[in-house]
A.B. asks: 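Let me begin by handing over the structure; questions about it come next.
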Amino acid sequence: MRTKLDKNILWHLPLILAVFLQLWPIIFMASTSFKDMNQIFTSTLNPLPFPPTLNNYVAVLEDFPFWTYVYNTFLIATLVTVCKIATSVLAAFAFVYYEFKGKETIFNFMLLTFFIPITVLIMPNYLLMSKLGLLNTPWGVILPQIADGMGIFLMRQTIRGIPKPLLEAALLEGAGAIGILTKVVLPLIKPSAIAVTIFFFIHSWNEYFWPLLVLQDKENYTLPLALQMFISAEGGSEWGIAMAVAMLTSVLPLLLYLFCQKYILSTFLQSGVKG
Amino acid sequence: MRTKLDKNILWHLPLILAVFLQLWPIIFMASTSFKDMNQIFTSTLNPLPFPPTLNNYVAVLEDFPFWTYVYNTFLIATLVTVCKIATSVLAAFAFVYYEFKGKETIFNFMLLTFFIPITVLIMPNYLLMSKLGLLNTPWGVILPQIADGMGIFLMRQTIRGIPKPLLEAALLEGAGAIGILTKVVLPLIKPSAIAVTIFFFIHSWNEYFWPLLVLQDKENYTLPLALQMFISAEGGSEWGIAMAVAMLTSVLPLLLYLFCQKYILSTFLQSGVKG
Amino acid sequence: MKNIEFKAVKKKYDETTVIQELNFSIKEGERLVLLGPSGCGKTTTLRMIAGLEEISEGQLFMGGAVVNGVAPGKRNIAMVFQNYALFPHLSVWENITFGLKIQKLTEQEMTKRAKEALEILNLTGYENRKPKELSGGQKQRVALCRAIVKQSPYFLLDEPLSNLDAQLRQQARTELVKLHEIYKPTMIYVTHDQVEAMTIAQRIAIMNKGELQQIDTPENIYHRPANTFVASFIGTPPMNLLSAHVRDHWIFIGDACVPLDASWDKVIAGRSRIILGIRPEKCLLAGEKPMVPAEVSYVENLGSQRTLRLTLKNHENVFVSTKDFTQTANSTKGFSFRWEDVSVFDYKTGVNIGYPIKEGGKNE
Amino acid sequence: MKNIEFKAVKKKYDETTVIQELNFSIKEGERLVLLGPSGCGKTTTLRMIAGLEEISEGQLFMGGAVVNGVAPGKRNIAMVFQNYALFPHLSVWENITFGLKIQKLTEQEMTKRAKEALEILNLTGYENRKPKELSGGQKQRVALCRAIVKQSPYFLLDEPLSNLDAQLRQQARTELVKLHEIYKPTMIYVTHDQVEAMTIAQRIAIMNKGELQQIDTPENIYHRPANTFVASFIGTPPMNLLSAHVRDHWIFIGDACVPLDASWDKVIAGRSRIILGIRPEKCLLAGEKPMVPAEVSYVENLGSQRTLRLTLKNHENVFVSTKDFTQTANSTKGFSFRWEDVSVFDYKTGVNIGYPIKEGGKNE
């Protein structure tokens, strides 16, 4: 609507409220991480650090096995992401390209899992990993995550967005299923596949609950678990350091998001491929 | 592709794997909840209970303040849902209908929060609730959740999906912003709004982490917290009962999903409104 | 006076100017068609009248008053959109009375107007249907209906027939004209279809690249195009445009040398090169002694008529439409024309240089 | 023999039959146009030939062999899709050679064919462009190019011109025919546009509601329609269809009584009611003593011609196209026709009952 806009402030209230509630934790985190102990105690809700200090970051990098956690997190996130994107694309292509009985039913049933509490889902997987002897190893974290319903769903949507005549043209030119997948489908869904890959990576990087159950030894911890150690030791004197860890934990996801914003947004927008 | 399908089984492998991994926890949960103690110990991975027993359900409903937890969960989920959908629709409409400086920037910035670990976001909110004296009350759970970035995002997408000529026609007929919102936009986005409402409700119903931090007394617990008590008391003898609680916890979200599948899917598919 | 006047109106998006500088007026109660290829600015012009696009520069007058800042809802305009823009959640009746309710008309007046409009458009009995239960033609009529119940003095239509199939379109054209005759609003109709423009308009405004090319009656637009753009935009096939040299009282087309008609002497005087425009149906196939010799290079049979492509010696093509099927392609040696059927354009600018003052026999 | 033959071919989706029962054949090297309104099954028919739709019943022969179960890639078919279906991530060159690479042609042969095709279609120099950098007309030519490099004996086109504007479409029609003349493949062309059909086809197959209505030359389709559907689908305005009573040697139209031409006696014999079909351009306006008196109720001016709507006493309408602008609407008292310009249809079934055996003067 490129039309006149009443300057009615009432309309902006929910907007401002929503934006504030979304942004407040980030601002708080960033500012606290640059505050020293005194500032935190004297003015907890004051958003600005005077003067800003890097002490918290120095403490984190010196007194804390930060890079071990980064390595653990990165290993798990990378492997999970590679597996998930591969299975998502292949399964999605099979869902779109082949006709088989009960296709829609299987697909819809698969979406069920989005709506079940994570706490419910975790128990059976925990049991399975325990039987397989994978508790307290990165593999125990990775194995139940090599396929992802949301990923299949998003990739199926994207593949369905490819105009059918493109696939039919390839078919008429004599291409088989593998040819169509590699020469037509993959190049066309690349932006969305990249977006979903990033999404998977960030999600896995940030994951807290499942690694917490599987990983018991501190040296195997991922960053979100390590971060939680500070919160549990709810002492106040650790707040600044905790927020510095939080900042460092968030840096990679945020950078990935900022650089790949375009891909991510357009995937969510289902803009798909235009012939 | 309504065309020939090679019956190449290779293509179905990722599909079958993905479906199995998605469905296995649900099947396990359902079957374990109908097993008695002996069965659980003798054949942990055996999917079928012989004979099925309702003992676990009876135990849950008799020895356990199940309805208290249902009430707590329902209260929180309902209030959170109502607030979230109201702010989402209003903010989304403002985002679409009004032109103002930095609109896109604010919007994109808001999406940032999807990509930050929940553990990071929770600390500042915890602090705020503690200052406001709302710890250990349902209000402490509800207050930070009255606006939702994802909800604003989804509603904005839906509202943008309304063909512009419809809004322009209403404008030419002399309708103002409120008229357009109530007479044109709301009726048209109803299916999506219902879907997002259900989504919010299920999400809040299933939420574990934030309520865990805020609610300390057991009588204030929500269902996922109550469920967790069984898992922590990892004794084996409680597995059947835990799964019965899990089943009961999942019943409402699953029913809601099944009944409103059409709305939910079409919202995710961004099918939107067609003129 | 419900007229509309553009005074030096411009429209810019950021740096791009999409409407150069419009100066023209639309008379009260007339049917004006804005015609042009896609991207020519015709829809933008219409939307500026409706208030859906802001005017970057200049002034727009409606009924004598400047309306640049007036909100769309305050301009008292009825508009029919290309895709009809019916509210899908409302019934036909609710769609039609949507604006009347906002205007707070009495229930009685509302019912009276709606019933009348439904009857005129043959929609009685469809009041409770939802738009999706209607055919394309019915949707289009409901959109018209919603526009006429408002009884606005201004009636804007944006390609209202483009989603109908050929048969329905023909019928809808007639209905539209009839409808206008009943209420006599000031009607502005946007289309890219020249047949629609020719048959509906009292005057046609032809636009190209954001500029007005000609505004005149369909008759004059067709027979006396203001420039070569108009000449080649109107007509299927369009007007033949032949480059010609002039020397004394002779003009040279291809390798032919044709005596210049005396009536044209004064008009062409002083020019050595001109562009000669002749409509395909005004070219006469000649078996013997054609004014311009040419070879038939292609024949299209359209059933009711044939289009022959003749190629001159200098490789220029001339299209000739003929209903006369007896003259076979083989016996055609070229074509002739009558001087009263010709338009002449400036060689460089393509602007029409005018016609002999004494009406030389132009049909009607 | 690269011909195509439909033997009792049906197409069903679940319970709905969309193609009733097709029986016809397409000759090697001919240009056949499948014409019909939207939803008539013409595209489904084309897609069955391509193998993109399965055949529910019956047999499809291509080059003498049944191809019902043959995969699309094995049928040796080239196809141009409505939206061109160019691969957006590939350059023009890669698009064109896509199929040749799969066929494992030598690099040399591939380059030779691609260059030749690019040259024919005036695309040399565009090899490295991506589809989105091309105009609509260029995209369409690339799609044609991709089809012809395959040098397939079967060439299928699904409304290939529908996304072009009017001017380009006319030009593309001519190019398409020229292209066919070079390679002479068996060409099946689907369109809903009768002008395209008339100008491109050697034979037209008209379909309606999943059934073949007529398959014949454009000439015969236009002048000798097989039934009233064909008569009213072809022509703008379509053929006038007048219900008439027959008694002895007289026929009654409206309140007029016209002597039946002797040549028609045998054909019409034994019928008391018929439908008389006359093309609008074959109706002659009459000022005095018309064969059928009627009043002018509407005039459309199309520039090159006028369409008059005459209303008979019994409220039937007759459309008359005329180039003659001297006869004014006021002086028109009705119309006349020549018996050799008439088609006659059965009153109930609408089927053409035939023509007098002695060719009575039908043009060509």
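Every chain is numbered from 1 and lettered A, B, ... according to where its sequence line falls, protein lines coming before strand lines.
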A.B. asks: State the CD1-NE2 distance between I189(A) and H89(D), to the nearest 0.5 angstrom.
C.D. replies: 11.0 Å
A.B. asks: With the side chain counted from C-beta on, respond yes when N83(D) and P165(A) share a heavy-atom pair under 4.5 Å apart, and no when they do not.
C.D. replies: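 No - every pair of side-chain heavy atoms lies 4.5 Å or more apart.
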A.B. asks: So that I can tick it off, tell me whether E168(A) and R47(D) are bridged by a salt bridge, with the cut-off set at under 4.0 angstrom between side-chain N and carboxylate O.
C.D. replies: yes
A.B. asks: For E181(D), is the CD atom crowded, meaning more than 12 foreign heavy atoms sit under 6.0 Å from it?
C.D. replies: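 Yes - once you tally the heavy atoms of other residues, nucleotides and ligands closer than 6.0 Å, there are more than 12.
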A.B. asks: If you count the non-hydrogen atoms of other residues, nucleotides and ligands that lie under 6.0 Å from NZ in K184(D), is the total more than 12?
C.D. replies: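 Yes, the 6.0 Å shell around NZ holds more than 12 heavy atoms from other groups.
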A.B. asks: If you look at every heavy atom in F87(D) and L166(A), which pair is closest and at what distance?
C.D. replies: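 Residues F87(D) and L166(A), closest heavy atoms: CE2-O, 3.4 Å.
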A.B. asks: Tell me if the NZ atom of K115(D) is crowded by more than 12 foreign heavy atoms within 6.0 Å.
C.D. replies: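 It does not: K115(D) NZ has 12 such atoms or fewer within range.
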A.B. asks: Under 6.0 Å from the NZ atom of K103(A), do we count more than 12 heavy atoms belonging to anything else shown?
C.D. replies: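 Correct, the count exceeds 12.
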A.B. asks: Need one label for K190(A): side chain, backbone, both or neither, based on atoms under 4.5 Å from any heavy atom in chain D.
C.D. replies: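 Nothing of K190(A), per the 4.5 Å heavy-atom cut-off to chain D.
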A.B. asks: Atom CD of residue position E109(D) - does it have more than 12 heavy atoms of other residues, nucleotides or ligands inside 6.0 Å?
C.D. replies: yes
A.B. asks: Can you tell if the side chain of L156(D) reaches within under 4.5 Å of the side chain of L172(A), non-hydrogen atoms only?
C.D. replies: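 A side-chain contact under 4.5 Å is absent here.
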A.B. asks: Does atom CZ (F209(A)) have a neighbourhood of more than 12 heavy atoms from anything else shown, all under 6.0 Å?
C.D. replies: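 It does: F209(A) CZ has more than 12 such atoms within range.
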A.B. asks: Taking all non-hydrogen atoms of both residues, which atom of G99(D) and which atom of E173(A) are closest, and how far apart?
C.D. replies: CA-OE1, 3.1 Å
A.B. asks: Say you draw a straight line from CZ of R75(D) to CG of L171(A); how long is it, rounded to the nearest 0.5 Å?
C.D. replies: 10.5 Å
A.B. asks: Among I102(D), V80(D), I77(D), which residue forms the greatest number of heavy-atom pairs with chain A at distances under 4.5 Å?
C.D. replies: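 Winner by heavy-atom pair count: I102(D).
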A.B. asks: Taking all atoms of both residues into account, what is the closest heavy-atom pair of R146(D) and A169(A), and its distance?
C.D. replies: NH2-CB, 3.8 Å
